[in-house]
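Predicted, not measured: the structure shown is a model, and the values here were computed from it. FYI, side chains are in, hydrogens and waters are out, and symmetry mates aren't considered; it's all heavy atoms of this structure.
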Amino acid sequence: MSQLVTMPQLGETVTEGTVLRWLVNVGDEVKEDDPILEISTDKVDTEVPSPFSGKVTALLVEEGETVEVGASLLELDGEGSQTESPDVQPEVVDSQVSQIDINKENIEEVEEEKKENDAIPQKVIPKESKQKLSPVVRRLASENNVDLNLIAGSGPNGRITRKDIESALNSEKLTKKINDTKTIAQENPTKTEHVQSESNAENISRLRKRIAENMIMSKQTSAHVMTSVEVDFENVEVYRSSVKKKFKNENGYSLTYLPFISLATIHALKDYPTVNSSFDLEKNIHTLHGHINLGIAVDINQEGLLVGTIKNADNLNVKGLASNIFDISNLLRDGKFGLEDVSGSTFTISNNGSFNSFITSPIINQPNVAILSTESVKKRPVVIESLDGTDSIAIRHTGILSLTWDHRVFDGSIALLFLNSIKEKLEKTDWSQEII
């Protein structure tokens with residue numbers, strides 16, 4: 001009896017995944033819970049175990065392909081009619097497309113093939129070729145006069161993919177530009193200094209691609225608005241300066257402003273629970289979360305951002321928050337995190353101040369409805385009003401807090417009340433009562 005393994009739901013907001021690498025081949029016997037493939041999502045790369053025991057009769061998705069949750073990935077104990085065998089690679093003619101090609105990308109290819117069935121010159125694919133090619137690959141090769149015998153396929157069993165054709169075309173274009181530049185330099189030796197060198201083209205990393213996709217999705221989903229307030233951090237700075245040396249000696253890392261801001265934010269989220277919510281307009285559901293899972297945006301060595309999650313952050317004090325922020329940051333930068341470490345946040349903080357920012361408008365981390373940006377804290381001249389009403393100028397540690405929020409969910413009044421609640425907590429709390 002044939003059994004299909006499908007793309008699992010790897011997180012609350014995960015809707016698709018990319019097949020990185022198959023860990024089994026056709027003909028292999030697998031047992032339940034044996035790892036069968038590696039999948040990359042916008043949250044994490046992970047191994048997927050087999051939900052059944054049986055013999056692999058077909059791999060239904062190629063490495064590098066992105067499929068939606070629920071899509072078929074692998075067949076166990078089937079007849080194997082859809083299997084791509086290492087020793088037998090039948091040609092795919094225009095009127096036939098094997099099920100292994102039916103995925104999110106190749107559905108579009110099949111539709112294109114129907115429209116352009118008669119427009120593909122057969123001379124592009126030599127008769128002696130044993131390659132099994134998708135319609136779009138044949139069309140790209142035909143339109144650009146690519147000799148497929150000169151292309152090294154990166155797919156299973158050396159199969160040529162669309163990316164292989166595009167890489168070959170990009171390489172040819174780059175070579176042509178470099179040769180044209182050399183010709184110009186030779187013909188105009190006195191103007192050589194004006195010829196700019198070519199930039200390097202390289203593939204976009206998976207992390208960068210996921211960030212790009214998520215940022216576009218967030219902007220298309222939420223009605224982004226940014227609101228800011230100025231905060232006097234002198235109260236925090238006086239206390240932090242008095243304990244930071246002792247804190248670092250005992251814990252091995254510095255006590256920054258971020259744990260104080262995080263605690264003040266948690267108090268404000270309790271006062272204004274709408275900011276600690278998720279909003280699904282299509283399902284007509286607005287969820288006010290009864291817990292606070294604090295997301296912390298972490299820079300991964302300037303290669304991208306990941307949001308680490310501190311679960312039940314509303315149970316922590318300044319010291320506990322500092323410890324958790326330090327741990328989750330190192331976990332993400334070392335690449336030793338799991339799915340639970342980067343999912344489930346209900347509100348996110350982006351600490352742009354660590355890079356000397358003045359004001360930032362971050363993009364909301366879906367499905368959150370707001371994100372706070374902490375800007376740099378610096379000494380600035382501030383007007384101080386004394387008890388008798390006279391004004392004076394003093395040097396104080398001040399900084400901006402910026403909130404990007406979803407105007408579908410709440411309005412400017414809540415945004416400002418929320419920010420001013422954080423401001424008041426930072427400026428007026430007796431931090432000496434904190435256990436450090």
Side-chain angles (χ1 to χ4, degrees), residues 11-14 41-44 205-219 221-222 224-228 253-254 256-266 268-269 275-276 278 289 292-313 316 321-377 399-406 418-419 422:
E12 180 184 356
T13 61
V14 175
T41 71
D42 59 348
K43 298 292 186 183
V44 69
S205 68
R206 288 200 307 275
L207 177 59
R208 196 76 259 164
K209 182 179 179 182
R210 293 305 183 197
I211 291 172
E213 292 170 346
N214 288 340
M215 296 301 96
I216 292 173
M217 180 271 289
S218 182
K219 292 288 284 187
T221 300
S222 298
H224 282 63
V225 183
M226 194 265 280
T227 306
S228 302
Y253 54 89
S254 298
T256 67
Y257 288 100
L258 185 55
F260 296 91
I261 297 172
S262 298
L263 184 62
T265 299
I266 289 168
L269 289 171
V275 187
N276 187 54
S278 57
H289 301 295
I292 298 174
N293 291 343
L294 192 62
I296 301 294
V298 178
D299 176 73
I300 310 300
N301 305 314
Q302 291 79 61
E303 295 179 359
L305 286 175
L306 287 174
V307 176
T309 305
I310 300 175
K311 301 291 176 66
N312 300 311
L316 301 173
L321 287 166
S323 175
N324 276 267
I325 292 169
F326 178 78
D327 290 342
I328 195 68
S329 298
N330 286 334
L331 197 67
L332 267 58
R333 292 191 181 106
D334 294 341
K336 298 178 180 179
F337 58 92
L339 182 61
E340 68 280 0
D341 299 312
V342 291
S343 59
S345 66
T346 60
F347 183 85
T348 301
I349 296 178
S350 181
N351 186 27
N352 296 289
S354 60
F355 290 95
N356 199 31
S357 65
F358 174 71
I359 192 167
T360 310
S361 178
I363 296 176
I364 296 170
N365 177 36
Q366 299 293 330
N368 299 172
V369 298
I371 180 171
L372 182 73
S373 176
T374 67
E375 315 299 350
S376 61
V377 177
I400 304 293
L401 291 180
S402 307
L403 183 74
T404 301
W405 47 280
D406 188 345
F418 174 76
L419 280 173
I422 299 174

Report task. Apply side chain to side chain contact (heavy atoms under 4.5 Å, CB included) to the pair Phe347 and Leu294, showing each step before the final yes or no. Result -> CA-CA 5 Å; Phe347 183 85; Leu294 192 62; 4.1 Å; yes
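- For His224 (side chain) and Ile364 (main-chain N/O), a donor-acceptor pair under 3.5 Å exists by modelled atom type.
- The line from CG of Leu419 to CG of Leu372 is 6.5 Å long, rounded to the nearest 0.5 Å.
- Side chain of Thr309 to backbone of Gly295: no donor-acceptor contact under 3.5 angstrom is found.
- Contact detail for Asn324 and Ile310: the closest heavy-atom pair is CB-CD1, 3.8 Å.
- For the residue pair Asn368/Thr346, the side-chain donor-acceptor check at 3.5 Å is not satisfied.
- Taking each heavy atom of Glu375 and Thr360 in turn, the nearest pair found is OE2-N, 2.8 Å.
- Of the possible polar contacts, one joining the Lys311 side chain to the Glu340 backbone as a donor-acceptor pair under 3.5 Å is found.
- Across Leu332 and Val307, no two heavy atoms sit closer than the pair CD2-C, 4.1 Å.
- Arg333 places no side-chain N or O within 3.5 Å of a backbone atom of Asn301 that could act as its donor or acceptor partner.
- Applying the side-chain hydrogen bond (donor to acceptor under 3.5 Å, both in side chains) test to Ser376 and every residue at least two apart in sequence or in another chain returns nothing.
- Annotation: the span from Ile296 atom CD1 to Leu306 atom CG amounts to 13.5 Å, rounded to 0.5 Å.
- Judged purely by atom type and a 3.5 angstrom limit, Ser345 has no side-chain atom pairing as donor or acceptor with the backbone of Thr348.
- Partners of Ser350 under the side-chain hydrogen bond (donor to acceptor under 3.5 Å, both in side chains) rule, at least two apart in sequence or in another chain, are Asn352.
- Residues Ser329 and Val298 come closest through the heavy atom pair OG-CG2, 3.8 Å.
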Query raised in the report: Which is it for Lys209 and Glu213 under the side chain to side chain contact (heavy atoms under 4.5 Å, CB included) test, yes or no, and what are the steps along the way?
Result: CA-CA 6 Å; Lys209 182 179 179 182; Glu213 292 170 346; 3.3 Å; yes
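- Within 6.0 Å of atom CZ in Phe358, 12 or fewer heavy atoms from other residues, nucleotides or ligands are found, so the atom counts as exposed in its surroundings.
- With hydrogens and angles disregarded, a donor-acceptor distance shorter than 3.5 Å links the side chain of Ser262 to the backbone of Leu258.
- Between the side chains of Asn351 and Thr374, at least one donor-acceptor pair of N or O atoms lies under 3.5 Å.
- Looking at heavy atoms from C-beta onward, Asn312 lies out of side-chain contact with Ile292 at the 4.5 angstrom threshold.
- Taken from CG in Asn214 to NZ in Lys219, the straight-line distance is 14.5 Å, to the nearest 0.5 Å.
- Taking CZ of Phe418 as the reference point, atom CG of Leu401 lies at 9.5 Å (rounded to 0.5 Å).
- Distance OG/Ser278 to NE2/His289: 3.5 Å, rounded to 0.5 Å.
- Listed for the Asp334 side chain is no donor-acceptor partner under 3.5 Å among the backbone atoms of Leu331.
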Requested in this report: Please step through side chain to side chain contact (heavy atoms under 4.5 Å, CB included) for the pair Asp299 and Phe355, ending with a clear verdict.
Outcome: CA-CA 10 Å; Asp299 176 73; Phe355 290 95; 4.1 Å; yes
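- Minimum interatomic distance between Thr404 and Met226 (heavy atoms only, all atoms of both residues): OG1-CG, 3.9 Å.
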Query raised in the report: side-chain hydrogen bond (donor to acceptor under 3.5 Å, both in side chains) between Gln366 and Thr221: does it pass, once the steps are laid out?
Result: CA-CA 9 Å; Gln366 299 293 330; Thr221 300; 5.0 Å; no
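- With Ser228 as the fixed residue, the side chain to side chain donor-acceptor pair (under 3.5 Å) test singles out one of Ser402, Ser361, Ser373: Ser402.
- Contact between Trp405 and Leu403 at its shortest, heavy atoms only, is CD1-O, 3.3 Å.
- Rounding to the nearest 0.5 Å places CD1 of Ile325 at 7.0 Å from CD1 of Ile349.
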Report task. With side chain to side chain contact (heavy atoms under 4.5 Å, CB included) as the test, would you mind laying out the steps for Leu263 and Leu316 before giving the verdict? Result -> CA-CA 8 Å; Leu263 184 62; Leu316 301 173; over 6 Å; no
